[in-house]
Amino acid sequence: MKSSVLTRYRVMAYVTAVMLMILCVCMVFKYGFDTGEGLTLVVSQLHGVLFIIYLIFAFDLGSKAKWPVGKLLWVLISGTIPTAAFFVERKVAREVEPLITDRTAQPVGA
């Protein structure tokens, strides 16, 4: 597996997790303080698009790492739980790191 597959997943996991936390804050302001309805709409739509990209990259990583269905579902669902993606991403990165095959040894200078 190429390292770019893991890198894409890691970037989208962080971006999705941050956007979900921002969306949660916006929802508190929208429903708790009756303000920020327009911003909440924009953030929710942006998070939705980014979450779909996260799902694609996570599924790609899971299929290349040959994860069982249960593990793949847990990684996919972790993008819907605030802050869970941060913890799941670290665990996934540790597990997938040994599977990366495109690391080439640097030639020794003569």
Within the structure provided, determine whether V11 and F57 are in side-chain contact (heavy-atom separation under 4.5 Å).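 Sidechains of F57 and V11: no contact.
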Side chains of V28 and F33: does their closest heavy-atom pair fall under 4.5 Å? yes
Do [X] and [Y] sit in one hydrophobic cluster, given that two such residues count as connected whenever their side-chain heavy atoms are within less than 4.5 Å of each other, even indirectly?
X	Y	result
V42	F51	no
Y14	F87	no
F59	V15	yes
I81	V25	no
M27	M21	yes

Given T35, L39, D34, the one that forms side chain to side chain contact (heavy atoms under 4.5 Å, CB included) with F29: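 When T35, L39, D34 are each tested with F29, the side chain to side chain contact (heavy atoms under 4.5 Å, CB included) holds only for T35.
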Starting from the C-alpha separation in whole Å, work towards a yes-or-no answer on side chain to side chain contact (heavy atoms under 4.5 Å, CB included) for K2 and I100. CA-CA 6 Å; K2 293 185 177 184; I100 295 176; over 6 Å; no
What I want to find out is whether D60 reaches K64 closely enough, with some N-O distance under 4.0 Å, to be called a salt bridge. yes
Donor-acceptor check, side chain of T16 to backbone of Y54, threshold 3.5 angstrom: yes or no? no
To the nearest 0.5 Å, tell me how far [X] [atom1] sits from [Y] [atom2].
X	Y	atom1	atom2	result
R8	S3	CZ	OG	10.0 Å
L72	I77	CG	CD1	9.5 Å
I52	M12	CD1	CE	10.5 Å
H47	C24	NE2	SG	8.0 Å
L20	S44	CG	OG	11.5 Å
R10	L61	CZ	CG	11.0 Å

If every non-hydrogen atom of [X] is compared with every non-hydrogen atom of [Y], which pair is closest and at what distance?
X	Y	result
A58	V75	CB-CG1, 4.1 Å
V88	S78	CG2-CB, 3.7 Å
A93	L6	CA-CD1, 4.1 Å

Output, in order, the C-alpha distance, side-chain angles, deciding distance and verdict of side chain to side chain contact (heavy atoms under 4.5 Å, CB included) for W74 and V92. CA-CA 11 Å; W74 171 242; V92 165; over 6 Å; no
What do you reckon, is CZ of F86 surrounded by more than 12 foreign heavy atoms closer than 6.0 Å?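 Yes, enclosed.
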